[in-house]
Amino acid sequence: MSLAEVSLFDTVKKQFLFKVKANIDFYSSLITMQVFGIFFAFAGISYGSTSGWLSVTIHYYSVDAVIAFTVFWGFVTGVTILTKQYTDTDFIFITNRVSSTLSNILFLAATSLLGSVTAMLSKYLLLFASLYIFNEHIVLGDIMSAGDFLFGTAIAFLYVFLSCAVGYLIGTLVQINRIFIILIPALIIGSLILDGIQGRLPFVLKIYEFYFYESSVVLFILKTILTSAFCYIASLVILNRMEVRK
Amino acid sequence: MSVIECRNLSKKFFGGKTALNNLTVSIEENKITGLIGRNGAGKTTLLKIIAGFLKESSGEVTVFSERPYNSLKVSANSIFIDDQMTYTPALQLYDLLIEADRFYPNFNMTLAKGLFEYFAFDPKYYHKRLSKGQKSTFNAIIGIAARCPLTIFDEPTTGMDEGVRKDFYRALLKDYIEFPRTIIISSHHLNEIEDLIEDILLIKDGRTYLHLPITEFKEYAIAIKGKKDTVLDWIKGKEIFYEQYAGVDTMYAVVKNDYTEKEFEKARMAGLEISSVRSNDLCVYLTNKSRGGIDDVFSGSQPV
Amino acid sequence: MAIFHADDTRPIYVQIAEWLETEILNGNFQSNEKVYSQYQLAEMYNINPATAAKGLNLLVEEKILYKKRGLGMFVTESAKELIMEKRRTHVLTRLIRDVVLEARRLNISDNELVEMIKNVQKEEGEE
Amino acid sequence: MSILSFSFPFILIVILAGVWLVVFTVKKYFPAKATHWMLLIYTSVLLLAAVFVLFGIKGTEVVGNKSGDEKGEAVRIQGEIHDAIEQGKMPDIDKKFISAEKSFKLDASVLKIDSDWEGQNPYIVIERSAEIGQQVKVRIYSLTVQEVEGYALTKAINPPNIKMSGNLLLFSKPSFQEFKYAIFGEEFPINQFKYERRDGGGGYSLAEEYVIFVQIPDDLQIDEGDGVYINYLN
């Protein structure tokens, strides 16, 4: 019997399409997270004052919450996609660790993109509600322009994707040993305490600033893409050594 | 040509449990091999190493001349069916068939559909809601229809009822005749698969105990019954697999069959009854830890 | 290899060989006619084709069948003869062995046994 | 609106149509589960909202310019008005600062001016004029600056009410007004790369100041009420 020669590319493609169909739980969690974020944004901060003849209510909206929730979703998804339930499903059909990881990355990228587009679009939902439901005057220099929308989506995507990558690496570590579930938060809290005692700027904050205070677009793209790449490569190196369907 | 080669293959698990211990075996192309062994003999571990899921601790293993661990080539040309298969809960049974068809190059969708309808599966049902037997049946359909050059069934009939088992084995045989491939079936019920298989691979304590054609295995041992002294005299120096005593001095023994026809004549003349041993019983005798079996436990622990 | 007399435990390939012999005896297969392939037999008996092949090879060894490369197995000219001859000797040997064993259990001497056989022959002849 | 912004709603409609088209054509490969519908409805709602907003938004609903100019002008006009009062050149003040203007016929010889605006004494500047004839002209100059998050939203504010009954010119507080403002912060992924970071926190502030300029005939007598502060130019 002649053996089938399958290419990695072909397998990754098949597996990606399979995951788009199979991993629908992640869409549900994405929507749940974003709807939650939108409610947060609606509730928002409201400020009102009334003098004898003037009543002013100012309603602050921001989709930052939606984006932040999406970033968090990315992290959780990155971790979850490596749990036994999902990897076992992978290995029912043709795959190896490389194709499994590559198709995971593609899936995470695709859903991150979806997530960042919907997160940015949710601004229009807020605008809609503000205009037509709450009859508010919108105080704005400009409605988000097409350019801003695309740019913002791209940057939001990089954040979500980075978060997925970090989640993926942590998910990998957790697959090696459950102890990391406790160890990683412990390390973070420990470093916070230690930095606090020594009066330094907390390490975690430095990481935060590293990405969130970067004002050069090019540097930001480099930072996020390189970090993501590092996380995925490290995961792959580890996963290559790990047994499946134990 | 051999499809699978294992040389001094060992597998130690984290925590020190040795599942395979210097196992050497070679499985030839397009044969159906029955992998037999007691619980914990290392059957599943061996199969999972062959399928590339687990990594060998030492020794050498090749499948299609390639180390199976993490090999895309092995994955593409083999399928591993067991009762632990978890499919994505998002897809319905029929969609799972479509996915399998998309992945496996030789997948025979007509056959899969035919079996799917024969076993009266609901296309819109979900795998995790199936009963144990139905799950096994569905997995078996995938396993047969995938037509992988290396098809591995690890206890495929778990939970199936008698009729379904028969249907499954017959379907497998028919498709094998039409599309020969290397098949390994593990089971602890040899009698179920003895007609189906060509070779038997018996493993015990993580090693190959026997690997030979099933037709030879059936003549591998004989049973002798008669007066204890006569029997003992006759089996002296032979490899004894099993012995049992009944009545005052009747003895039943199973020994390795390397007697000549003349010797059998003589034995009969001496009043010994000679018979063949059922393959399944022989497996049990061969893989028992002690020669006497469960009775030893009771005879050894007389109340004081 | 029919050393085991309990028929139900005889290897399946032996049973297949015997069944084919019967088919030939009954005239279902004539000389130089093609018999079932190992795959047809495997399907009919629900067994592994290799086992079925062993049954066929048994008959080839006994010159009841001959192989044509790439075409299959065919019945030899002398097949019927050979089968009848085999069955004759086979059945007779078995019966005689049973008689001898039973006689021994009943403590009948060899001479007595021979005498008994002669008597039977005489009775048969008179009728 | 740039061309890109203008065509944006169309792009969104095309995307929406595309999503639905893909779903319907690949439906057989795409088992419609609750999640898929959820996803579909969710994206559709978002896209529809976007279309509605981008097509339906009217200039009046989006208020506010960056307040720099307006605020600066308000400050400038305060100076100008004070100068004008001192120099008696009130009519020269830019017309755009007039937030209300009214004129009344008057037959009486005495004009009573008062205000019922408690706690606030409108500042009234009176100029006698020979050419005006038998009437009273009132102009209200608004120096009010309403600021929300750094946006000046003054124009929408009503001026004080002016009423003439008999020979009483009465000023009262502006009619009740309710403002509901929505402020949309810029998303952090966009905000991050802008040098001028709008950190918000401007909140809401209202600095009200009106100067009421009344022109009367030369011979009219003024009876000052308690609720006003009057300054005569001549």
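Values below: all heavy atoms of this structure, side chains included; hydrogens, waters and symmetry mates excluded.
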Would you give the length of the straight line joining atom CG of Leu91(B) to atom OG1 of Thr89(A), rounded to the nearest 0.5 angstrom?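 Nearest 0.5 Å value for the CG-OG1 distance: 9.5 Å.
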Specify the closest pair of heavy atoms between [X] and [Y], including all atoms of both residues, with the distance to one decimal.
X	Y	answer
Ser75(B)	Phe93(A)	OG-O, 4.2 Å
Ile92(A)	Tyr104(B)	O-OH, 3.0 Å
Ala90(B)	Ala22(A)	CB-O, 3.0 Å
Ser99(A)	Leu72(B)	OG-CD1, 4.4 Å

When you compare the side chain of Phe18(A) with that of Thr88(B), does any pair of heavy atoms fall below 4.5 Å?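 In contact.
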Contact check, side chains of Leu3(A) and Pro149(B), non-hydrogen atoms, under 4.5 Å: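 In short, these two side chains touch, coming nearer than 4.5 Å.
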Pick one of side chain, backbone, both or neither for Asp10(A), based on which atoms fall under 4.5 Å of a heavy atom in chain B.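 Asp10(A) has no heavy atom closer than 4.5 Å to chain B.
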Under 4.5 Å from any heavy atom of chain B - which part of Ser100(A):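 Contact with chain B: none, neither part.
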Could you go step by step and tell me if Glu99(B) and Lys21(A) meet the salt bridge (charged side-chain N to carboxylate O under 4.0 Å, His left out) rule? CA-CA 10 Å; Glu99(B) 286 305 308; Lys21(A) 278 181 263 180; 2.7 Å; yes
Among Phe80(B), Phe13(B), Tyr87(B), Phe53(B), which residue has the highest count of heavy-atom pairs closer than 4.5 Å to chain A?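 Of the candidates given, the most pairs with chain A belong to Phe53(B).
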Enclosure of Lys223(A) NZ (heavy-atom neighbours >12, cutoff 6.0 Å):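 Buried by this count: over 12 neighbours within 6.0 Å.
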Just wondering, more than 12 heavy atoms not from Phe72(A) lying within 6.0 Å of its CZ?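 Counting neighbours around CZ of Phe72(A), 12 or fewer heavy atoms of other residues, nucleotides or ligands fall under 6.0 Å, so no.
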Ring-face cation contact, Tyr69(B) with Arg97(A), 6.0 Å cut, 45° max: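 Ring-cation test returns yes.
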Asp88(A) (side chain) donor-acceptor with Thr86(B) (main chain) under 3.5 angstrom: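 Flag not set: sc Asp88(A) to bb Thr86(B) has no pair under 3.5 Å.
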If we ignore hydrogens and angles and just use 3.5 Å, is the side chain of Lys55(B) paired with the main-chain N or O of Arg241(A) as donor and acceptor?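 Flag set: sc Lys55(B) to bb Arg241(A) pair under 3.5 Å.
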Under 4.5 Å heavy-atom distance to chain A, tell me which part of Asn70(B) shows up: side chain, backbone, both or neither.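 Both parts, backbone and side chain.
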By the definition side chain to side chain contact (heavy atoms under 4.5 Å, CB included), identify the one residue from Ile94(A), Val6(A), Thr95(A) that meets it with Phe103(B).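 That would be Ile94(A); it is the only one of Ile94(A), Val6(A), Thr95(A) passing the side chain to side chain contact (heavy atoms under 4.5 Å, CB included) with Phe103(B).
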Below 4.0 angstrom, N of the basic side chain to O of the carboxylate: do Glu243(A) and Lys48(B) qualify?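 The answer is no: the pair does not qualify as a salt bridge.
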